[in-house]
J.: 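Sharing a structure here in structure tokens format.
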Amino acid sequence: MIRLHNTASGKVEPVVPRDADSISMYVCGPTVYGEPHLGHGRFALVFDVLRRYLEFSGLTVHHVSNITDVDDKIIARAASEGVTEVDIAARYEKSWWDAMDALGVLRPAEAPHATDYVEDMVEAVAGMLASGSAYETSDGVYLSVDAVEGYGLLARQPLDTLRAGARVEAGGEKRSPMDFALWKRAKPGEPVWPAPFGEGRPGWHTECVVMSLDLLGEGFDIHGGGIDLAFPHHENERAQASALGRPLARHWVHNGWVTVGGEKMAKSLGNYTSLDDLLARSDPRSYRLLVLRSHYRQPLEVTVRTTKDAAEALGRLDALSRRFGAAGWLEGEVRQRAGVDQKAAGELGLDAAAIASFCSRMDDDLDTPAALAGVFEVVRQAHVAGDRGETQRGEQLAHTADWLCAALGLRLEAGAGGAWVPVRGGAEAAGGGAHAGEVGTERGTEASTYGSGPDEEVLALVEERDRARAERDWSRADALRDELAVAGWTVEDTPQGTKIRRT
RNA sequence: GGCGGCGUAGCCGAGUGGUUCAGGCAGGGGCCUGCAAAGCCCUGUACAGCGGUUCGAAUCCGCUCGCCGCCUCCA
């Protein structure tokens with residue numbers, strides 16, 4: 001069974017499913033008020049990998065991730081653009097899912113919207129008022145943190161020291177500076193919902209409590225998100241659940257953030273790169289690989305250099321696929337079972353030792369860097385076997401590597417970046433294109449504007465070069481290679497003829 | 001002020017009380033190739049500094065320096 005760091009205890013602990021053979025997981029999703037950036041991409045990828053790995057381990061995962069579509073920032077943005085909050089939320093929710101699809105992040109089983117749960121939130125707030133853990137002020141309803149046992153758990157800091165450090169003074173009627181809004185009374189021009197304690201809108205933290213309990217039930221297995229959510233967001237969720245007498249998650253998992261020059265990537269610092277920008281200029285898989293190369297709890301430095309690094313490493317994986325046709329192997333029914341049916345690995349004759357090693361590393365607090373190092377070792381062994389003429393062994397290892405990559409959500413030789421065009425038959429080449437299209441199916445939509453298949457002109461150059469080589473006209477062949485290079489293609493001669501790939 | 005994290009070879013980035021310097025990228029040499037590309041082989045003797053514990057520490061403890069984060073919205 002996998003062991004994961006639990007922010008509530010500060011230790012790496014086994015994840016014990018509440019219900020046998022299945023895992024209930026709630027991951028805090030985005031507030032849709034702007035374009036998603038690399039930081040959002042990281043948390044989405046981290047939990048996508050966790051979800052895939054749990055499934056790979058034979059568990060059924062009930063994955064819920066919310067969309068926060070009512071919030072101060074959405075209201076502010078709508079006001080500044082002169083459109084409705086609904087417009088803003090709809091626009092950026094679409095951006096969100098587009099980016100997720102491009103990154104190959106599997107859709108959660110459910111993606112509840114805060115605005116669909118306002119009635120439940122009103123009920124929850126009423127419950128907290130009734131029990132005396134919440135109180136009303138002129139501008140809303142607040143939760144009294146003093147009423148919550150052990151408040152500060154997820155901040156890993158006791159309440160008194162948290163309070164001492166509070167930079168913002170209690171806003172007039174708040175009993176404690178740490179108290180937070182459960183309900184904000186209506187202000188002119190803002191969206192409102194009816195409530196017995198005055199019409200208004202919900203605070204930020206209540207939605208996750210209500211939605212996770214509704215969809216996953218009390219004491220669900222995993223609650224995740226970025227480390228900056230640990231406090232106050234998650235602690236405030238926990239506080240409310242506690243006030244309601246309804247336990248929330250048993251395991252709190254948080255990922256580290258993306259840094260730029262050592263500093264946290266944040267919109268407020270203006271040092272962010274949007275996912276769109278990244279996806280427009282690189283293979284979406286390379287960001288996944290970059291994320292996998294560091295441990296999920298560590299900060300991740302993203303620069304042009306580290307991004308390029310990851311792309312090169314990805315090229316090494318693709319090269320293996322190219323050599324052994326692993327991508328072609330992992331199709332259809334086999335593809336569907338990859339990463340979701342560990343038992344099939346045995347039936348398919350994959351390398352059991354490599355898979356066992358991979359799993360033990362992943363089980364150790366989702367140690368993807370170590371797991372990936374193991375995959376690269378398998379890659380090397382596959383090449384060695386191939387060089388020795390041990391084709392079957394080479395294929396077995398290559399297939400194993402492909403299988404493990406699939407478990408991580410990495411599809412080898414996928415996308416235009418890895419497109420290789422066999423020399424003979426444009427039809428074959430077109431087949432390669434269809435292959436890439438299937439990737440799109442898996443992702444939900446076709447990835448990005450990055451790269452595109454070779455056009456007729458390029459294919460003509462490839463064919464001409466093959467003729468030149470057949471005639472041993474090396475200078476002509478070299479000139480054509482140069483032309484292809486200028487067009488952005490790297491040439492590789494193989495026993496099957498000239499192949500090209502995006503440089 | 002309180003709480004917490006980090007500092008590893010050219011770069012990124014794991015790991016751990018003691019055999020082969022995780023892995024990737026970059027670099028050097030060789031093999032392969034018409035030349036390349038891809039691949040393989042060889043090549044790096046790093047763990048901020050200072051003390052301490054230990055037969056032995058980069059790994060444990062203490063201190064110092066530097067960087068970052070949370071305590072306010074934040075993935």
Side-chain angles (χ1 to χ4, degrees), chain A residues 10 27-31 33 36-47 71-73 152 154-158 160-168 177-178 180 204 224-233 235 254-259 261-269 289-290 292-295 297-303 305-320 322-323 361 364 367-377 379-380 382-388 469 472-475 477-478 481-482 485 490-494 498-501 503:
Chain A
V27 180
C28 275
T31 299
Y33 72 98
H37 62 65
L38 265 33
H40 301 97
R42 186 184 190 191
F43 98 75
L45 285 167
V46 163
F47 287 99
D71 166 85
D72 291 351
K73 286 179 180 156
L154 293 177
R156 308 222 29 85
Q157 193 172 164
D160 54 343
T161 68
L162 271 174
R163 185 180 280 136
R167 283 180 242 165
V168 181
M178 305 313 296
F180 57 93
W204 178 39
I227 185 64
D228 44 354
L229 294 183
F231 189 88
H233 182 55
E235 180 58 9
H254 296 103
N255 65 278
W257 36 60
V258 171
T259 60
E263 291 193 318
K264 176 184 173 184
M265 176 174 285
K267 291 199 174 182
S268 54
L269 291 173
L289 186 63
L290 182 60
L292 289 168
R293 283 198 331 178
S294 72
H295 187 85
R297 287 195 281 131
Q298 294 301 125
L300 173 66
E301 182 74 14
V302 181
T303 62
R305 185 167 182 172
T306 60
T307 308
K308 186 169 175 297
D309 231 48
E312 294 296 332
L314 179 65
R316 185 166 161 75
L317 294 173
D318 281 343
L320 181 78
R322 225 180 295 138
R323 177 172 184 176
R361 288 164 171 182
D364 180 16
D367 191 355
T368 56
L372 209 50
V375 171
F376 276 102
E377 181 57 26
V379 169
R380 207 198 97 254
H383 281 302
V384 168
D387 288 354
R388 285 184 189 150
R469 292 190 68 239
R472 308 183 70 79
D473 183 352
W474 307 129
S475 61
D478 290 349
R481 181 163 59 202
D482 290 343
T490 296
V491 173
E492 198 171 301
D493 296 331
T494 75
T498 298
K499 288 186 177 182
I500 58 172
R501 67 183 152 95
T503 301

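Protein chains get the first letters and strands the later ones, always in sequence-line order, with residue 1 at the start of each.
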J.: Would you say A:Arg316 places a side-chain N or O within less than 4.0 Å of OP1 or OP2 belonging to B:G39?
T.: yes
J.: Please confirm whether the shortest side-chain N or O distance from A:Arg297 to OP1 or OP2 of B:G4 is below 4.0 Å.
T.: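 For B:G4, OP1/OP2 do not have a side-chain N/O of A:Arg297 under 4.0 Å.
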J.: How close or far is atom C1' of B:C25 from atom CG of A:Leu289, stated in whole angstroms?
T.: 11 Å
J.: Is there a side-chain contact between A:Leu162 and A:Met178 in this structure, where contact means two heavy atoms from C-beta onward sitting under 4.5 Å apart?
T.: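 Yes - at least one pair of side-chain heavy atoms lies under 4.5 Å apart.
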J.: Would you say the side chain of A:Thr303 lies within less than 4.5 Å of the side chain of A:Glu301, judging by non-hydrogen atoms?
T.: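 The answer is yes; the side chains approach within 4.5 Å.
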J.: Out of B:A75, B:G15, B:A38, which has the shortest distance to the side chain of A:His37?
T.: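 The answer is B:A75, which lies nearest to the side chain.
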J.: Taking 4.0 angstrom as the limit, do A:Arg293 and A:Asp309 come out as a salt bridge?
T.: yes
J.: Considering only heavy atoms from C-beta outward, does the side chain of A:His383 approach that of A:Arg380 to under 4.5 Å?
T.: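 A:His383 vs A:Arg380: side chains apart.
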J.: Applying the side chain to side chain contact (heavy atoms under 4.5 Å, CB included) test to A:Trp257, which of A:Lys264, A:Met265, A:Gln298 qualifies?
T.: A:Lys264
J.: Taking N and O atoms by type only, does the side chain of A:Arg156 place a donor or acceptor under 3.5 Å from a partner on the base of B:C70?
T.: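 In this structure, the two groups form no donor-acceptor pair.
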J.: Among the candidates B:C3, B:C35, B:C11, find the nucleotide nearest to the side-chain atoms of A:Arg305.
T.: B:C11
J.: Indicate whether A:Phe43 forms a stack on B:A75; treat it as stacked only if centroid distance is below 5.5 angstrom and interplanar angle below 30 degrees.
T.: no
J.: Rounded to whole angstrom units, what separation is found between the NE2 atom of A:His295 and the C1' atom of B:A22?
T.: 15 Å
J.: Do A:Arg323 and A:Asp387 meet the salt-bridge criterion of a basic N to acidic O distance under 4.0 Å?
T.: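 Looking at A:Asp387 and A:Arg323, the cut-off is met.
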J.: With respect to the phosphate group of B:G39, does any side-chain polar atom (N or O) of A:His383 fall under 4.0 Å of OP1 or OP2?
T.: no
J.: Kindly indicate whether the side chain of A:Arg481 and the base of B:A36 share any N or O donor-acceptor pair separated by less than 3.5 Å?
T.: yes
J.: For B:G15 versus B:A37, give the span between their C1' atoms, rounded off to a whole number of Å.
T.: 34 Å
J.: What about A:Asp478, does its side chain sit under 3.5 Å from the base of B:G34 through a donor-acceptor pair?
T.: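 Flag set: donor-acceptor pair detected.
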J.: B:G2 phosphate, OP1 or OP2: any side-chain N/O from A:Arg163 under 4.0 angstrom?
T.: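 No, no such contact exists.
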J.: OP1 or OP2 of B:A75 less than 4.0 angstrom from a side-chain nitrogen or oxygen of A:Lys267, does that happen here?
T.: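 Result: no.
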J.: Between protein and nucleotides 18-21 of chain B, what N or O pairs are separated by less than 3.5 Å?
T.:
none

J.: Checking only heavy atoms, does the side chain of A:Asp309 share a donor-acceptor pair with the base of B:G24 at less than 3.5 Å?
T.: yes
J.: Rounded off to whole Å, could you give me the CG-to-P distance for the A:Asp482 and B:C35 pair?
T.: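 Taking CG of A:Asp482 and P of B:C35, I get 16 Å after rounding.
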J.: In whole angstroms, how far is the P atom of B:C12 from the CZ atom of A:Phe376?
T.: 18 Å
J.: Using a strict cut-off of less than 4.0 Å between a Lys/Arg side-chain nitrogen and an Asp/Glu carboxylate oxygen, indicate whether A:Asp478 and A:Arg481 qualify as a salt bridge.
T.: yes
J.: Just wondering, do A:Lys267 and A:Tyr33 contact through their side chains at under 4.5 Å, heavy atoms?
T.: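 Yes. Closest side-chain heavy atoms under 4.5 Å.
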J.: Would you state whether a donor and an acceptor, one from the side chain of A:Asp387 and one from the base of B:C31, lie under 3.5 Å apart?
T.: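 In this structure, the two groups form no donor-acceptor pair.
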J.: Among the nucleotides B:G23, B:G34, B:C70, which one has an atom lying closest to any side-chain atom of A:Ala477?
T.: B:G34
J.: From the list B:G39, B:G34, B:C71, which nucleotide is the closest neighbour of the side chain of A:Arg323?
T.: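 Among B:G39, B:G34, B:C71, the one nearest the side chain of A:Arg323 is B:G39.
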J.: For the side chain of A:Val384, starting at C-beta, report the closest nucleotide among B:G24, B:A37, B:C41.
T.: B:C41
J.: A:Tyr33 has a side chain; which of B:A75, B:A38, B:C3 sits nearest to it?
T.: B:A75
J.: Between B:C71, B:A75, B:G13, which nucleotide gets closest to the side-chain atoms of A:Leu162?
T.: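 Closest nucleotide among those given: B:C71.
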J.: Choose from B:C71, B:C12, B:A14 the nucleotide whose nearest atom is closest to any side-chain atom of A:Met178.
T.: B:C71
J.: Which whole-number value in Å describes the distance from A:Arg293 CZ to B:G23 C1'?
T.: 9 Å
J.: Mind checking whether A:His254 and A:Arg297 have side chains closer than 4.5 Å, heavy atoms only?
T.: no
